[in-house]
Structure formats: C-alpha cells, structure tokens
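Quick note on labels: first sequence line is chain A, next is B, and so on, each numbered from 1.
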Amino acid sequence: MGKLEYAPAPESRAVVHLKPSYDLFVGGDWVASQGGTRFTTISPATEEVLAEVAEASAADVDRAVRAARTALRGPWGRMSGADRGKYLFRIARIIQERARELAVLETLDNGKPIKESRDVDVPLAAAHFFYHAGWADKLSYAGLGPDPRPVGVVGQVIPWNFPLLMLAWKVAPALACGNTVVLKPAETTPLTALLFAEICQQAELPPGVVNIVTGAGGTGQALVEHPGVDKVAFTGSTEVGKQIARSLAGTRKRATLELGGKAANIVFDDAPVDQAVEGIVNGIFFNQGHVCCAGSRLLVQENVADEVVRRLKRRLTTLRVGDPLDKNTDVGAINSAAQLERIRELSDLGEAEGATRWSPECELPTRGFWFPPTVFTGVAQAHTIAQQEVFGPVLSVLTFRTPQEAVAKANNTPYGLSAGVWSEKGSRILWVADQLRAGVVWANTFNKFDPTSPFGGYKESGWGREGGRHGLEAYVALAGGQEEQL
Amino acid sequence: MTTSAAVADPRDAARDLLGVSRLTDAALTTWLHGLPGVDQVGCEQRAAGLATRSVKTTAKVWAIDTAISMIDLTTLEGADTPGKVRSLCAKALVPDPDDRATPRPAAVCVYGDLVGVAREALGDSGIHVAAVATAFPSGRASLPVKLADTRDAVRAGADEIDMVIDRGAFLSGQYRRVFDEIVAVREACRREDGTGAHLKVILETGELVTYDNVRRASWLAMLAGGDFIKTSTGKVSPAATLPVTMLMLEAVRDWRELTGTQVGVKPAGGIRTTKDAIKHLVVVSEVAGDDWLDPDRFRFGASSLLGDLLLQRQKLATGAYSGADYVTTD
C-alpha cells in the first residue's frame, strides 16, 4: 500500500522573546559584569547564535554572594515559613503559566526534543517548586530535628543536560528551608536560568534571595571557593565533583554532589519483553543519553539476549532523530561540539577494543551536533565503553546467566547512581534491588522522577540526596549548628 | 482480499509449533503462559506516546483515504431492516456523492440474516460482505448452533465471517475448547468449491480485562488459523482501545516472525473520529510496520467513523468545514 508520513510540526519560536544580550542577575537586578567579558550561547541543533551572556568574574561572584548574604540577614531570613511557601507557590504557578515559553527556550538552547522539555522538564520543575512550597512551613515536622534553621548562602552549580529542571532541584529546597542562593548555570545552556530570573522578579521575590551568575568553569570555581558560601550543591561530572571535594576539604562548607553514573539496566528472561525494549530505549536514548542516571549498560540474560537485541534494533529503526522543535522528534541534538567529540572518541574506542557497533539508518541534519542512536553488542566489563560514562546515545550490551552474576556485574563500577530491573517475578525484583548499590532502582520502568522521591548516588556518583524529605537535610542546620553565621 | 485456499490443518501446525503430540489444555496453557508478559503501565505509556505523532496536510490526506479503505462499515442492531442495510450499501458504493474519487470502504458488516440483502446491493463492486456469526455477540450457544450460523452466512454470500470466541471457556482456562471452536468455525467457512470465507476472530478484549489475556487470546486465535484478530463486538465497553490494538499488532508481528504467516488486525467499537483512526494508523506503522497499512491486513470496525473521515476529507479539499448535514447519515 503506502507509507504513513508524519507532517513536520515545529513548535513556534514566537513565544520566546530572546534578548540579544543578558547581564548577571544580582540582588534582584540585572547588572553588567565587571570585567565586561561576554560569551555566546548557541542552538546545538543549528549552531545559530541565540544570545550573548555575561561572564561573571570572581568580583561578580563576590557581589552576588554579598547580595545573597544581605537578603539572608534581611527580609528573607526574618520571613515565616508560611510566607516563604507563598513565594514558592507563586514561582511554581508562573512556571506553569510560562511553560510553553520555557519549553521552547530549553529546546532551543539545549537541543533536546520539545516533547521532552514540554512533557517532562518543565512540568517536573513546577512540581519541585510546588512540593517544596509545602515543606516551607512544616520543616519542624520533617523528622530532621526540632528546630531546623537555614544553612545560609548556598552556591549552586548545575549542568547542561536538564538546565531548568536541575535549577528547580537546587533552588526549590534551598528556598523552602530559608536559604539564599547564588546559582551558576552551565555555559552552554544559561538561557532558561536567565528566564527564571525574570520569573523571580515577576514573583516579587525579595532581592538577593536568588542570584544568577553565568560563566564557565572559572566562574563556578570562584563560587565554590568563595568564603561567604556556606554550602555548595553541584551536579555534573565526577571529575569536576572531585575537584570541588578537594577544594572544600578542610573548610566548614557543606556539600552535596550529584555526579556521573553508568547504570545497569538488567533484563531477565521473564521480563515483559516489549515494555522492556521501550524501557531500554527510554533508559539510554531519552534526552540523547545526556542523563547521569541513563541506563547505559544493558545487562540481558543470555538465553534471551539475541531476541531482546533483535527487538531493540527493530525498535530503533522507528526512532526519529532531527529538529528538536518538531514534536515528532524522539532524539534531538548533542549539546555541544565538545560533547559530540567525546561521544565519537569513546565510540571509536569501543570498536577498537572489539565490541560490535550498530546504528539504524538515519539521516542526520547537516548543521548542528548530531550522533545516531548506537548500540554496542559483545561488550565485556573490561571494555572502556562498559566502564566510562559516555553521556550520549550509546548503549553497551552485556549478558549474564544468573541473578548473582547480574548483580555482580551491575555493581562492578565506580558509580552507583541508578539501575533498572525487568522481570515479571516480584520476589526477584526485590532481591535484586536489595543487592544493587545504586541510589535509585527502577522496576519494570526507567527514568521516572518525582519531587517526593530522593535521588542521589553511591561511590563516585556523589554525596547526599536531592528531593523528598531526605533532600531537605542538606539545606538545614540543626540546633547547635551554624545559625551564628547568619 | 483473496479467499483462502485450502491450507494445512491448523491442528497439525499448532502441534508442530508447540512441540507436542497431543494438543491439551495443559500443553496450550504452558505455551500461552510462556509468552512474555505485558506490563500495563509501560504498554499504556507507549500507546499514549504514539498518539502524539502529528499527521497533517498531505500526510493527513493519505491517512484519511487509507482509513476509509480499511473500514468495515457496520450495522449490527436488533432493529436492522433490509432497507437500512441497502442504504448502508449505497453509502459504501458512493461514500461522497460530491467527490467520486473518494475511496470505498473494504466491507459492509451485517448480521447473518441480512447477508443476502447486502450481497445483492453490493453486486460485483468488490466491496466485501462480512457477517457476524457464532451467536454474536455473546457467543453463548452450542457449537452446532454456532456452526449452522456460520454456514448460513457463508451460503448467503458472506466473504468474511466475524466470529466471537467463548470468553467463558477462555477465562476458565479451557484453551483447547476455544481453539477447537475456532478450527471448527474455520471449517464451516469453507464453500463447496473449496474456497473459504475469511475468518476474523473477535476476542472481546473488554471481557478479557488484562493485557496478558489479550496477548494469549491473540496467539490462541492465530494458532487456530484465524485470518484476522479483532478486538471487540462493539457491544461491550471498553471496546477497541489504542493499547489493546497495539498489543494485537505486536502479536501479529511476532507471529509472522515465527511462522511467516501474516494475520490481520481489526479494532472495532468506539473508533468514531478521524483523530482516533489516525492514531491507530500510527500504531500500525510504528509497531507492526508499514506492511500492515493495507485493508487486507488492517480494518476498522465502525459505523460512524466514515462520516467523520468524509467531513475531514471535505475540509482538506475545500479548506472549510461544511457540517454534519453535508455527509449522508447511512
């Protein structure tokens, strides 16, 4: 007969009003950077320049930290939890009202498909503000201690894979617990954070409670090392996390680190196979694999390995890679040239070390940064691609024979952020989940997030938890703690 | 659709596939329960994801015409009259008097006693006559009655028989009984010249309730030699849902991989709008493959869907919505 074609359905960019150039957001106002240095942020899907952004120097960071301290000593520090909660609710509602604008901007700046920014990132970001708004006046009942106090000024550094969502994960609990923040978004994806600054203004949040300084590694380092910062919250690579840990050692600063991962997605022979294939796809190709908890290692039981891989390959031929603003797109652009280069290097290494590489036929756009969904079979634990985080749409397939072997292989990694188990047998799921050293274990699903559920890692995947009641712990000081710092 | 020529006995094929010397409830249970399970949350999530694909403008023109050509235009009311069936046939012959290029539906589907009327009205137009049989919709009658019902309809000129399975037997684990009935009805579809009417097996998924049951019933129907597997009678709610259609498409896709035989899928009941129909076509394309985008392999059982497809078709042609009165009612 014929073939069903989809019509291009690009989301309109008209809803986003980009300014040619952005300053820093300090003390409730836009201020020019002192050095005057600027850098550009581009759309990874087209390489088009979206805007110029100020690069914050150490002096700018100092100014932001001082503004945060002033707000902490001023109206924000004196405010009741119930009133703080009102601001958080207001921010959550504005995020919902401006959801479309935020989603389109996120997709433009990051390269992720609009259906992910629209259906996952933005709703979850709003949910984090709603959830933490509820905690703001109930902290004494969170089981953390009788009189939880704010930690103080929090320096937050977030990555480029979920720019707005990571901002929400960091800012919402910090504000709920009465802290003030200085946040540095990633240099390739600063725009939604800058739009969030506008949202703070719209919500009439007292000046200095949220400060946003844009810049690259140097800006982040200045923020982390600033003596006026009481706590550092970082999400990003394990390598940078280690540098931060080193620089914080011996100081009074607290830290939470949410770092890399190399999650095992374990498929047993009795798994619901079609849903497992969907889960594998969602685990590694969601957000182009730019997910710290991505299911990048598929551990599949040997007796069904061929069938699962065959079904997976067939499924991948229907994945649609391309214009991220098109709502039919499943896989968008790689975030930056540098990341694309890293994915290429690691994939080439995978082939050189003897694994078999496969990608579905797919036409990639000529401009922008693109990498096809890729599956490596015949991977062994010793291969680099089974050990190192690729942070791209690259899946390594390994096999196992017994549940014990699956657990041993899954745990045999320096990371421990997340894992997935697929089986129709409940007792096996519980046993495996209990054995896995991973902060999150998903059963018969993958990449599910909720503000009420704590998230964080074991080993080199980081320190501390974000979200849920556990996540509040990092943002409060208990009696006898640091309130004199205020 | 070509009428099926004499083929091997499904009982032999089933024994071969199962690797048993005797087809028993136990053997069928082991085999059907050995099929991979279905995770409800994941299954519904996948169907919901596919429902967001955008089919517009030229793609929509193609999809609407394809959907029209896949319709089994149906009337299954106790109050059906020869006059009602004749006017339905007239609509099938000329779906849109203002646009003679409009494709015709695949078949007209009626109760067995009205097959003769439909056959006469449709003449040699190429539109098939489908009849529901086997004590439709409940399926609650003795086997001889069900077979007589089927033979009657075939003798009256039905090209296609839509049979219902015995859900009571299925739910109580009497898989052999369900299997045997399908095989027997399939034989009853045979005409004197050796050709046979096409057999669509209605699973009535709303009564099977779980997705695991839907998958097992699909495989059982294919094992017994059904040419099509069909979701519902349209008399039970829920009827055809997108996740159920998707599961059945997965089943026919996997069946073809296993046996090389292509079985069709027919969602029926509750698909009323162009939007719904297009969502189903997306699932056909992405789950089973474009091979199934063909009236020989995919049908919609519907009574009012054609009207909405015609309205949308007119809208695409003229740029303006006309209104319900610009499409004939039956």
Side-chain angles (χ1 to χ4, degrees), chain A residues 1-11 113-116 118-120 267-283 286 304 307-308 310-311 314-320 323 325-330 420-426 429 442-448, chain B residues 33-50 52-63 65-67 69-70 103 211-212 215 243 246-247 249-251 253-254 257-258 278-298:
Chain A
M1 190 84 176
K3 189 173 169 4
L4 183 63
E5 306 279 354
Y6 298 142
E11 192 74 23
I114 186 74
K115 72 173 183 187
E116 287 175 9
R118 182 195 61 198
D119 299 345
V120 181
V267 177
F268 285 98
D269 58 4
D270 67 340
V273 67
D274 288 306
Q275 287 74 51
V277 167
E278 286 309 307
I280 296 163
V281 170
N282 181 34
F286 175 70
V304 292
E307 193 189 342
V308 168
R310 193 168 46 82
R311 284 171 183 263
R314 180 178 60 203
R315 171 69 177 89
L316 293 191
T317 58
T318 64
L319 267 191
R320 301 168 70 89
D323 179 7
L325 276 172
D326 187 331
K327 75 170 189 169
N328 293 310
T329 295
D330 299 315
V421 187
W422 297 83
S423 168
E424 285 276 274
K425 194 165 184 164
I429 289 175
W442 285 292
N444 289 337
T445 188
F446 211 92
N447 274 341
K448 285 279 174 294
Chain B
H33 287 247
L35 295 168
V38 183
D39 184 81
Q40 180 181 344
V41 176
C43 170
E44 289 172 359
Q45 196 173 308
R46 166 88 167 124
L50 287 172
T52 66
R53 296 296 199 197
S54 102
V55 179
K56 298 189 292 195
T57 58
T58 48
K60 193 171 176 182
V61 170
W62 186 88
D65 280 3
T66 304
S69 72
M70 290 172 165
Y211 290 132
D212 283 327
R215 172 168 292 193
M246 185 181 84
L247 268 184
L249 284 159
E250 286 171 358
R253 173 199 72 193
D254 292 348
E257 272 191 9
L258 189 68
I278 289 177
K279 285 177 189 173
H280 279 79
L281 293 183
V282 168
V283 174
V284 173
S285 165
E286 292 212 26
V287 172
D290 291 328
D291 295 359
W292 266 271
L293 284 173
D294 185 303
D296 279 357
R297 288 161 191 179
F298 195 78

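Note that the CD atom of A:E307 and the CD atom of B:E257 stand 8.0 Å from one another [nearest 0.5 Å]. The NZ atom of A:K3 lies 12.5 Å from the OG1 atom of B:T66; values are rounded to the nearest 0.5 Å. Here OG1 of A:T317 is found 9.0 Å from CD of B:E286. Values are rounded to the nearest 0.5 Å. Taking CZ from A:R311 and CG from B:D254, the interatomic distance works out to 4.0 Å, rounded to the nearest 0.5 Å.
Checked by atom type and distance alone, the side chain of A:Q275 pairs as donor or acceptor with a backbone atom of B:D39 at under 3.5 Å.
Across all non-hydrogen atoms, the minimal contact from A:L4 to B:D290 is N-OD1, 4.0 Å. Taking all atoms of both residues into account, the shortest heavy-atom contact from B:S54 to A:A7 is OG-O, 2.8 Å. Here the shortest heavy-atom pairing between B:R215 and A:D274 reads NH2-OD2, 2.8 Å. What you find for A:Y6 and B:A59 is that their closest heavy atoms are C-CB, 4.5 Å.
Chain B forms more heavy-atom pairs under 4.5 Å with one residue of A:N328, A:T445, A:N444, A:T318 than with any other, namely A:N328. Residue with the most contacts toward chain B among A:R320, A:E424, A:R314: A:R314 (heavy-atom pairs, distance under 4.5 Å).
Put simply, the side chain of A:E278 does not reach to within 4.5 Å of the side chain of B:Q45, judged on heavy atoms.
In this structure, chain A has no heavy atom under 4.5 Å from any part of B:V284. With a 4.5 angstrom heavy-atom cutoff, B:R46 touches chain A only via side-chain atoms. The part of A:A271 that comes within reach of chain B is its backbone (N, CA, C, O), which places non-hydrogen atoms under 4.5 angstrom from that chain. Within the 4.5 angstrom heavy-atom criterion, only backbone atoms of B:T52 (N, CA, C, O) approach chain A.
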